[in-house]
Amino acid sequence: MNQDYIKPNAWSIIEEGFDQNRVKSSESLFSIGNGAMGQRANFEEHYSGETFQGSYIAGVYYPDKTRVGWWKNGYPEYFAKVLNAPNWIGIDVFIDDIRLDLKTCKKVEDFTRELNMKEGWYRRSFKALLKNDIEISVTATRFLSLHFDELGAISYELELLNSNAKVKFVPYLDSGITNEDSNWDDKFWNTTNISCKGNRGFIEAHTMKTNFGICTYMQSEILLDGVKIQEAKSKKTDTAVSLEFENDLKKNQKISLIKYGGYTVSRNHKVDDLAKAANLVLDKASDLGFDALLEKQKEAWASIWEMSDITISGDVKAQQGIRFNIFQLNQTYLGKDSRLNIGPKGFTGEKYGGSTYWDTEAYCLPFYMATKNQKVAWNLLEYRYNHLEKAIENAQKLGFSNGAALYPMVTMNGEECHNEWEITFEEIHRNGAIAFAIYNYYRFTGDYSYIPEMGLEVLIGISRFWHQRANYSKKKKKYVILGVTGPNEYENNINNNWYTNYLAKWCIQYTIEQLEKVKDGYSVDYDRILAQTKLTTAETDLWAEVAKEMYFPYSKKQGVYLQQDGFLDKELIKVDELEKSERPINQKWSWDRILRSPYIKQADVLQGFYLFEDHFSTEELEKHFDFYEPFTVHESSLSPCVHSIQAAKLGRMDQAYKFYLRTSRLDLDDYNKEVEEGLHITSMAGTWMSVVEGFGGMRVLDDKLHFTPQIPKEWESYSFKINFRNRIIKVTVSTKGSSFELTGSEEMSIRVNGERVVLIPGEKTQG
């Protein structure tokens, strides 16, 4: 834990007191989004202190030219940048011509932020003494509408506390913005048209190179003592448009600015119709008004929470943590559009560039399958199918052939756009995560249709890659995979990463199984796929040989699979022997020292034991957990959740709880000292898994749903719901036992602690 200023609360994230040193951290923590756009919690009014301004639009990016010290053949030409979009939230405020700026105020009191997760809104309030000794109070509320996902709304209320004064509001749009992480300080936006009509303003712009058309828009109105007043004066510059409202106020009089704004995008509208589309959104917003829009927001979030909430009794910090994670996941991705995916920072920052990593398939898919419906999960898989041709191109650039597919480590459009050699070209295990997601989707939903329609072609491309990437070692008389980086990114360019080799073997065998299944049951699809891929039995026989003879490093002395060939050559000093001042090592040590160390960033061998738990005995898991976890520094956001699940599997609930608390409050407590850069969105799905798969023990085995419920001693009870094959099951676990409730019309059987339990709709069944 590196910060502790967020107040414990079951449904809200609350900050009290103004501290300039934590402004950027809070901008991340209080971020809002609606799946189509999002923004950091920047102040509406001007702020001259340190800030990280950021508004983002789903799917809109810029191909920032790669910048490296030494160019290597095969490098991607660009690193995708999630673009900081034109700013629509800005409201300059002047009190007797003094600009409101919390950095320069004489005094700021009663400063409070609240992110209400239950209802989906963000509010900030404070009292400020300006340089001219006028005291004011401000309450600003805003949300991004789930009902109209191109719309955001702000209510900015100001009251004079100690004197009369002239109050001027200047709401504005600004397209003259930049990215914090630009490689070359390129101009990302080209502004093409700025216009005003009445109390509405519009900026039309397009992205350079990618040519996404955007209309950023706003409408503002003033309410004085609850009554709407006056039209505004407008002003335009080359990159901005503003409206000006000026009023004389008396002491204790309140004035409010209501501002609607957002983006219409060429991904969804014709470029020539963007302003027209914006006007239509503003017409709908005006007809409803701020309060009615807020009520719709509350209704939409109530519907989301009805299915996705996890309740925890007896531990407020744990409850706050899990809801924060679930809230941010739903703000980032709602599953409506198969062209979109889940970025590692979502709408909260720019780090990591592209919108997809292997995190989506390995961590996020289970959450969306269980808390939404199979269509949402299907859309995530369809995203990868739509990028298959690009994955084949990615492999071709590296010398692979015959339709071998290497899915990108980072992407916006299927093309690899990450420019760190050891990740882009060596962290090839991401291919296996995509294949596993196809298997996992069918295992959980029971819907096989994706495989003959789309998935088998993906599996063939991936298996072709593994076949070509492995080579035969005469010395070992086995197939080996050399020069890779496994999930543990603290080892680069190593040989025979166990996790990577195991995935390769499994992928090939699973693909061959699905070929036979599609051949038997979906002959039309089978003939189409074979004609398209030109796959032959001779080729699959070669694949099978690679899988059969795959090499796995193993230590007889230790009785464990080795993370890679040279792991035991390292100086095996455990993490608990390190001085605290040395942590985190990624911020204290040279990269050379890290690479030579035994320290593991996140689950690697144990990641394999997590995905393929049913391939190994509990005793094998225990032996590997006891060997590898003591060397794990957990400096990846993806690490604590896997270890929490496995500790629970081993019955080590104290350890499981410790890891759970770390994963659930990773950002709230800033464990990795980097929250100001944005939140760790994709790892938040791992937090959900820690409860459902870890403490709840949920598994799908032999086509049946299994639970082995446990409860941390710190909790009184917890509950969650899952949508399993279109049947909703509520699981409640307390210190007295567990119970299950089924929604639907037909009974179903599950397994609880290995015993068959029949669930009857509408009845609570004890486990």
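Because only heavy atoms are used, hydrogens play no part in the values below, and waters and symmetry mates are left out as well, while side chains stay in.
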Validation row: [X], [Y] side chains within 4.5 angstrom (heavy atoms):
X: Phe148; Y: Leu288; result: yes
X: Glu676; Y: Phe52; result: no
X: Met37; Y: Asp149; result: no
X: Glu119; Y: Gln297; result: no
X: Trp88; Y: Gln39; result: yes
X: Tyr363; Y: Thr682; result: no
X: Glu747; Y: Ser749; result: no
X: Met684; Y: Leu679; result: yes

Item to check | Steps toward side chain to side chain contact (heavy atoms under 4.5 Å, CB included) verdict (Lys345, Tyr56) | outcome: CA-CA 11 Å; Lys345 290 295 182 188; Tyr56 309 101; over 6 Å; no

Residues [X], [Y]: salt bridge by 4.0 Å N-O rule:
X: Arg727; Y: Glu746; value: no
X: Asp669; Y: Lys317; value: no
X: Lys24; Y: Glu27; value: no
X: Glu361; Y: Arg384; value: yes
X: Lys721; Y: Glu306; value: yes
X: Lys704; Y: Asp702; value: no

Checklist entry - For the salt bridge (charged side-chain N to carboxylate O under 4.0 Å, His left out) test, which of Arg751, Arg443, Arg725 pairs with Asp703? => result Arg725

Calculate, to the nearest 0.5 Å, the distance between atoms [atom1] and [atom2] belonging to [X] and [Y] respectively.
X: Arg339; Y: Asn268; atom1: CZ; atom2: CG; value: 5.0 Å
X: Ser637; Y: Asp359; atom1: OG; atom2: CG; value: 7.0 Å
X: Lys336; Y: Lys375; atom1: NZ; atom2: NZ; value: 14.0 Å
X: Tyr450; Y: Leu381; atom1: OH; atom2: CG; value: 4.5 Å
X: Thr445; Y: Asn440; atom1: OG1; atom2: CG; value: 9.5 Å
X: Trp688; Y: Cys364; atom1: CH2; atom2: SG; value: 11.5 Å

Quiz question: by atom type and distance under 3.5 Å, do the side chains of [X] and [Y] form a donor-acceptor pair?
X: Tyr333; Y: Asn379; result: no
X: Arg430; Y: Tyr357; result: no
X: Arg665; Y: Gln320; result: yes
X: Arg40; Y: Asn84; result: no
X: Tyr718; Y: Gln319; result: no
X: His147; Y: Glu299; result: no
X: Ser155; Y: Thr141; result: no
X: Thr348; Y: Ser28; result: no
X: Ser26; Y: Tyr5; result: yes
X: Thr356; Y: Asn341; result: no

Checklist entry - Is it true that atom NZ of Lys351 has more than 12 heavy atoms of other residues, nucleotides or ligands lying nearer than 6.0 Å? => result yes

Item to check | Lys284 atom NZ, over 12 foreign heavy atoms within 6.0 Å | outcome: no

Is the distance between the ring centroids of [X] and [Y] under 6.0 Å?
X: Tyr442; Y: Tyr448; answer: yes
X: Phe290; Y: Phe143; answer: yes
X: Phe436; Y: Tyr439; answer: yes

Checklist entry - Do the ring planes of Trp301 and Trp305 sit parallel (below 30°), tilted (30 to 60°) or perpendicular (above 60°)? => result tilted

Item to check | Parallel, tilted or perpendicular: ring planes of Phe740 versus Phe707, cut at 30 and 60 degrees | outcome: tilted

Checklist entry - Hey, mind stepping through Glu15 and Glu114 against side chain to side chain contact (heavy atoms under 4.5 Å, CB included) and telling me if it holds? => result CA-CA 7 Å; Glu15 173 187 10; Glu114 179 182 1; over 6 Å; no

Item to check | side chain to side chain contact (heavy atoms under 4.5 Å, CB included) assessment of Ile438 paired with Ile451 | outcome: CA-CA 7 Å; Ile438 294 171; Ile451 291 177; 3.7 Å; yes

Return the minimal non-hydrogen interatomic distance between [X] and [Y], and the atom names on each side.
X: Phe327; Y: Gly120; value: CE1-CA, 4.1 Å
X: Ala140; Y: Tyr156; value: CB-CD1, 3.6 Å
X: Glu44; Y: Arg124; value: OE1-NH2, 2.7 Å
X: Ser690; Y: Thr663; value: OG-CG2, 3.8 Å
X: Met653; Y: Ile711; value: CE-C, 3.6 Å
X: Ser664; Y: Ile322; value: CB-N, 4.2 Å

Checklist entry - So Ile342 and Leu380, side chain to side chain contact (heavy atoms under 4.5 Å, CB included) or not? Walk me through it. => result CA-CA 9 Å; Ile342 307 156; Leu380 287 172; 4.0 Å; yes

Checklist entry - Of the options Asn42, Leu115, Ile14, which is the one that meets Phe30 in a side-chain contact (heavy atoms from CB on, under 4.5 Å)? => result Leu115

Item to check | Glu295/Lys298 under salt bridge (Lys or Arg N to Asp or Glu O under 4.0 Å): CA gap, chis, key distance, verdict | outcome: CA-CA 5 Å; Glu295 285 305 309; Lys298 294 175 183 178; 3.3 Å; yes

Checklist entry - Donor-acceptor pair, Tyr263 side chain versus Ala36 backbone, under 3.5 Å? => result no

Next on the checklist: Would the distance check show the side chain of Gln3 and the main-chain N or O of Leu668 forming a donor-acceptor pair, the cut-off being under 3.5 Å?
Outcome noted: yes

Checklist entry - Which of these, Trp715, Tyr657, Phe720, sits in a ring-ring contact (aromatic ring centres under 6.0 Å, His included) with Phe695? => result Trp715

Checklist entry - Checking side chain to side chain donor-acceptor pair (under 3.5 Å) against Ser639, which of Arg662, Gln602, His634 comes through? => result His634

